[in-house]
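Here the structure comes first, spelled out in structure tokens, and everything after it is commentary.
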Amino acid sequence: AVPDFGPLNEHFVRDIGSTFAMLGVGLLWAAYRPAVRVPVLVLVTLFNGLHALVHAYDTGRGLVGPAHWGIDFPAVYLPTVVLLILTAVLIRRPEGHA
């Protein structure tokens with residue numbers, strides 16, 4: 001449903017694709033390096049949270065139709081909720097339990 005937001009901007013698609021690719025690399029790095037796990041996860045979660053807020057704002061103000069609540073749920077809102085829960089769990093873990 002990306003076209004609902006306006007004409008295709010190939011440069012922007014590559015820019016945001018690069019951002020998501022680097023977030024993925026960061027998560028892979030954090031999976032194998034306990035010392036960076038929480039800081040990387042916090043940054044990825046902040047990005048996803050802001051991204052979800054942008055989607056909610058645009059849908060709420062009518063830039064796109066209300067169907068976008070459901071369209072965006074699996075790829076925008078659900079991953080953000082999962083990341084928030086995972087981040088909270090890891091932050092609350094006692095030291096030494098990576």
Going by chain and number, the hydrophobic cluster around V64 (ILVMFWY, side chain to side chain under 4.5 Å) further includes F5, L63

Residue pairs passing the side chain to side chain donor-acceptor pair (under 3.5 Å) test with at least one member in residues 17-29, sequence neighbours excluded, are none

Sorted by chain and residue number, the side chain to side chain contact (heavy atoms under 4.5 Å, CB included) partners of Y32 (sequence neighbours excluded) come out as none

If hydrophobic clusters are built from ILVMFWY residues whose side chains come within less than 4.5 Å, do F12 and F47 share one?
yes

Those residues at least two apart in sequence (or on a different chain) that pass side-chain hydrogen bond (donor to acceptor under 3.5 Å, both in side chains) with D4 are H68

Nearest heavy-atom contact between P74 and P79 is O-CD, 3.3 Å

Contacts of T59 meeting side-chain hydrogen bond (donor to acceptor under 3.5 Å, both in side chains) (sequence neighbours excluded), chain-then-number -> none

Validation: residues 83-90 side-chain donor-acceptor distances under 3.5 Å, sequence neighbours left out:
{"residue": "T87", "atom": "OG1", "partner": "T45", "partner atom": "OG1", "Å": "2.8"}
{"residue": "T87", "atom": "OG1", "partner": "L83", "partner atom": "O", "Å": "2.7"}

Cluster membership besides L8, Ile/Leu/Val/Met/Phe/Trp/Tyr side chains within less than 4.5 angstrom, sorted by chain and number, is V13

Residues joined to V76 in its hydrophobic cluster, side chain to side chain under 4.5 Å directly or through other members, sorted by chain and number, are W69, F73, Y77, L78, V82

Open item on the list: Quick check: is V81 connected to L50 through a chain of hydrophobic side chains (ILVMFWY, heavy atoms under 4.5 Å apart)?
Closed with: no

Residues at least two apart in sequence or cross-chain that pass side chain to side chain contact (heavy atoms under 4.5 Å, CB included) with L43, listed by chain then number, are none

Is there a path of hydrophobic side-chain contacts, each under 4.5 Å between heavy atoms, that joins L27 and L46? yes

In short, V40 meets G26 closest at the heavy-atom pair CG1-O, 3.3 Å

Members sharing V25's hydrophobic cluster, built from side-chain contacts under 4.5 Å between Ile, Leu, Val, Met, Phe, Trp and Tyr, are M22

Hits for side-chain hydrogen bond (donor to acceptor under 3.5 Å, both in side chains) against H55, two or more places apart or cross-chain, chain-then-number order -> H51, D72

Residues passing the side-chain hydrogen bond (donor to acceptor under 3.5 Å, both in side chains) test with R61, sequence neighbours excluded, are D58

In this structure, CG of L53 is separated from CG of N48 (nearest 0.5 Å) by 11.0 Å

Nearest heavy-atom contact between A52 and T80 is CB-OG1, 3.8 Å

